[in-house]
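Only one structure is covered here, and it is reproduced in the block below.
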Amino acid sequence: MLSLEFIRANPDAVRRAGELKGEAAPVDEILRLDGVWRGHQHRAETIREEQNKLSKQFAETRDESLKERLREMASTAKTELSVADAVKRELDDLLLRVPNVFHESVPVGETEAENVVIREWGTKPDLGFVPRTHFDLGEALGVMDFERAARVSGSRFAFLIAEGARLERALVQFMLDVHTREHGYVEVWSPMLVSSAAMVGTANLPKFADQAFKVEDRDLWLIPTAEVPVTNLHREEILDGERLPLKYVSYAPSWRTEAGAAGKDTRGFIRMHQFSKVELVKVTTVETSLDEFEKLTRDAEDILQRLGLHYNVLAMCTGDMGFAQYKKYDLNAWAPGLDRYLEVSSCSVFNDFQARRANIRYRPSRGAPPKFAHTINGSGLALPRTIDAIMETYQRSDGMITVPDVLKPYMGGVELIGAR
RNA sequence: GGGGAGGUGGCUGAGUGGCCGAAAGCACCCGCCUGCUAAGCGGGUAGGGGGUGUAAAGCUCCCUCGAGGGUUCGAAUCCCUCCCUUCCCGCCA
């Protein structure tokens with residue numbers, strides 16, 4: 001969230017950011033409540049001050065005549081404070097719904113059509129035959145099964161079978177190995193159910209409650225991404241500034257309701273209620289976050305390059321970028337069978353928007369007062385669509401799929417899917 | 001699930017009604033001393049918020065000893081509820 005201080009000082013900037021993001025920010029109501037809250041707070045404190053003085057006097061003099069007045073002051077202060085608290089809660093609730101501002105380099109636009117391609121890698125492969133879709137190939141090879149998954153769990157679920165399951169595991173291993181050994185990330189295995197407080201920390205709550213699965217009768221949510229537990233890893237902490245940035249990589253299944261996406265991407269292994277993802281998370285200082293964000297994006301791109309997949313990088317425009325992000329890039333891999341790009345990664349920098357919610361701070365140097373950290377995350381990568389791009393890019397005219405070189409060491413001797 | 005112990009500052013840890021936002025130690029910072037290092041000596045070092053201030057600094061007040069509520073003129077300290085940690089027993093992948 002944004003600080004009250006910032007909103008007080010820059011109400012117009014906050015309003016404008018809200019409009020461009022398509023998320024009306026209740027700035028006026030916030031400023032009004034801020035005044036009300038401070039009024040009550042101030043009155044309560046003035047009474048308390050007086051009360052504390054008298055109370056000390058009473059301790060010395062034991063003057064019983066003071067008691068009645070003290071009792072009265074105590075109760076007035078309490079009332080005043082409870083009003084202040086109620087207003088503050090209302091205020092905090094509104095603050096959680098104010099979208100983040102964005103970096104000056106973010107393109108202004110309303111829809112995804114106004115996103116900007118900032119770079120491309122590779123070219124669309126010419127296979128020499130009409131490419132098939134991954135679900136066509138997957139079902140024919142018996143490595144993907146959507147029909148049985150629907151019987152077991154409903155739509156938007158899948159079984160991966162035999163080399164399909166093996167490919168998924170190989171990719172996870174490969175990505176984790178590259179990020180830990182070559183990019184310097186620390187591997188994390190995290191809880192996959194998290195509290196509401198953690199969801200608020202990453203800004204998945206309160207605004208996006210309908211996007212996540214909630215456990216009945218408990219304050220627990222299935223994680224929509226490993227970003228949630230890993231970003232919250234250091235919640236309520238004051239970190240040593242000299243040890244930043246912290247770099248984490250975490251493999252976890254992710255669960256999403258996909259509310260509002262009815263009818264979209266219903267065929268294939270694209271938009272699932274449950275999917276695997278290797279997530280990159282950084283906690284940085286204020287000064288280095290933009291730079292670390294660019295580097296994190298490159299780390300994710302490196303995986304696509306090693307897999308030999310053609311992709312592009314899009315800078316998200318204001319309207320397509322999201323509530324909490326300060327700046328965001330999407331990585332889209334080319335899927336020849338579907339004849340379109342698939343979003344396989346989304347990399348974002350939040351500045352202190354999440355850190356403020358999760359109360360993640362650091363001390364820039366010894367003795368210096370703490371500051372809110374900056375957080376960054378990005379998929380490195382999301383599995384289903386990466387699998388799709390691989391299957392469609394590496395398919396042969398006979399319907400079998402060549403395993404990319406970098407995955408061979410992880411495939412237990414399988415070099416060609418479908419050769420069984 | 002049953003029973004016991006416990007949650008205090010960056011860390012260890014004392015504190016059972018006002019003299020406590022908190023002893024002592026560690027760590028760290030500044031200064032002194034020393035040819036250098038170590039040791040020694042002196043001082044400093046929790047977080048959040050309000051008011052004042054053009055801002056920084058400063059001054060000042062309020063709140064915070066796991067969270068919330070209660071008793072009391074006054075709570076780290078007493079009472080209640082919840083959360084968490086830990087030990088023993090039971091159950092169990």
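A note on names: the letters A, B, ... follow the listed sequences, proteins ahead of strands, and every chain is numbered from 1.
- Using a 4.5 Å heavy-atom threshold, the side chains of M199(A) and I223(A) count as separate.
- Partner assigned to G90(B) is none, using Watson-Crick or G-U wobble distances below 3.5 angstrom.
- Comparing A55(B) with A46(B), their C1' atoms sit 26 Å apart, to the nearest whole Å.
- In this entry the distance linking NE2 of H40(A) with P of G51(B) reads 14 Å, nearest Å.
- Atom C1' of nucleotide U71(B) and atom NZ of K67(A) are separated by 13 Å, given to the nearest angstrom.
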Show me the protein contacts with nucleotides 18-21 of chain B, counting only N or O atoms at under 3.5 Å.
| from | atom 1 | to | atom 2 | distance (Å) |
| --- | --- | --- | --- | --- |
| G18(B) | O6 | R62(A) | NH1 | 3.1 |
| G18(B) | O6 | R62(A) | NH2 | 2.6 |
| G18(B) | N2 | S55(A) | O | 3.3 |
| G18(B) | N2 | S55(A) | OG | 3.0 |

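- Remark: H374(A) pairs with no residue by the ring pair (Phe, Tyr, Trp, His ring centres under 6.0 Å) rule, at least two apart or across chains.
- Between D219(A) atom CG and C83(B) atom C1' there is a gap of 11 Å when expressed in whole angstrom units.
- Put simply, the side chain of S346(A) reaches to within 4.5 Å of the side chain of K328(A), judged on heavy atoms.
- Listed for the R385(A) side chain is a donor-acceptor partner under 3.5 Å among the backbone atoms of I270(A).
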Test salt bridge (Lys or Arg N to Asp or Glu O under 4.0 Å) on D93(A) and R89(A) and set out the steps.
-> CA-CA 6 Å; D93(A) 191 59; R89(A) 268 195 300 276; over 6 Å; no
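- The P atoms of U16(B) and C79(B) are separated by 14 Å, rounded to the nearest whole Å.
- OP1 or OP2 of C62(B) lies within a sub-4.0 Å distance of a side-chain N or O belonging to N52(A).
- The P atoms of A24(B) and A5(B) are separated by 31 Å, rounded to the nearest whole Å.
- Across all strands, K78(A) comes closer than 4.0 Å only to sugar-phosphate atoms, never to a base (heavy-atom distances).
- Nucleic acid contact for D240(A): none, since no nucleic acid atom lies under 4.0 Å from a heavy atom of the residue.
- The separation of G9(B) from G66(B), taken at their P atoms, amounts to 8 Å, rounded to a whole angstrom.
- With a cut-off of 3.5 Å on both Watson-Crick or G-U wobble distances, the partner of A75(B) is given as none.
- When rounded to the nearest whole Å, the span between CG of D85(A) and C1' of G48(B) equals 13 Å.
- Nucleic acid contact for R363(A): sugar-phosphate only, since backbone atoms but no base atoms lie under 4.0 Å from a heavy atom of the residue.
- Here, C33(B) and C41(B) have their P atoms 16 Å apart, quoted to the whole Å.
- Comparing the same atom, P, in A93(B) and in C28(B) gives a spacing of 50 Å after rounding to whole Å.
- Between L54(A) and R8(A), the residue anchored nearer the 5' end of RNA chain B, judged by the nucleotide with its closest heavy atom, is R8(A).
- Taking atom CD1 on I47(A) and atom P on C61(B), their separation rounds to 17 Å, with Å as the unit.
- Contact annotation: R48(A) does not reach the phosphate of C62(B) (side-chain N/O to OP1 or OP2, under 4.0 Å).
- The partner of G35(B) cannot be assigned: no Watson-Crick or G-U wobble pair with both contacts below 3.5 Å exists in any strand.
- Nucleotides G13(B) and C83(B) are separated by 24 Å at their C1' atoms, to the nearest Å.
- For the pair D177(A) (side chain) and F174(A) (backbone), a donor-acceptor distance under 3.5 Å is absent.
- Between R69(A) and C73(B) there is no side-chain N or O to OP1 or OP2 distance below 4.0 Å.
- When rounded to the nearest whole Å, the span between CD of Q51(A) and C1' of U72(B) equals 11 Å.
- Across all strands shown, A5(B) forms a Watson-Crick or G-U wobble pair, both distances under 3.5 Å, with U85(B).
- Under 4.0 angstrom from either OP1 or OP2 of G51(B) there lies at least one side-chain N or O belonging to R38(A).
- Under the Watson-Crick or G-U wobble criterion, with both distances below 3.5 Å, G53(B) is left unpaired in every strand shown.
- Counting non-hydrogen atoms of neighbouring residues, nucleotides and ligands closer than 6.0 angstrom, the CZ atom of R119(A) exceeds 12 such neighbours.
- Within the 4.0 Å cut-off from OP1 or OP2 of G48(B), at least one side-chain nitrogen or oxygen of R361(A) is found.
- Rounded to a whole Å, the CG atom of L81(A) is 16 Å from the P atom of G49(B).
- For A76(B) and U64(B), the C1' atoms lie 11 Å apart once the distance is rounded to whole Å.
- The closest donor-acceptor contact from the side chain of T257(A) to the backbone of D210(A) lies under 3.5 Å.
- Judged purely by distance below 3.5 Å, without hydrogens or angles, the side chains of Y248(A) and E279(A) never pair a donor atom with an acceptor atom.
- Protein atom CD of E236(A) is 15 Å distant from nucleotide atom P of U85(B), rounded to whole Å.
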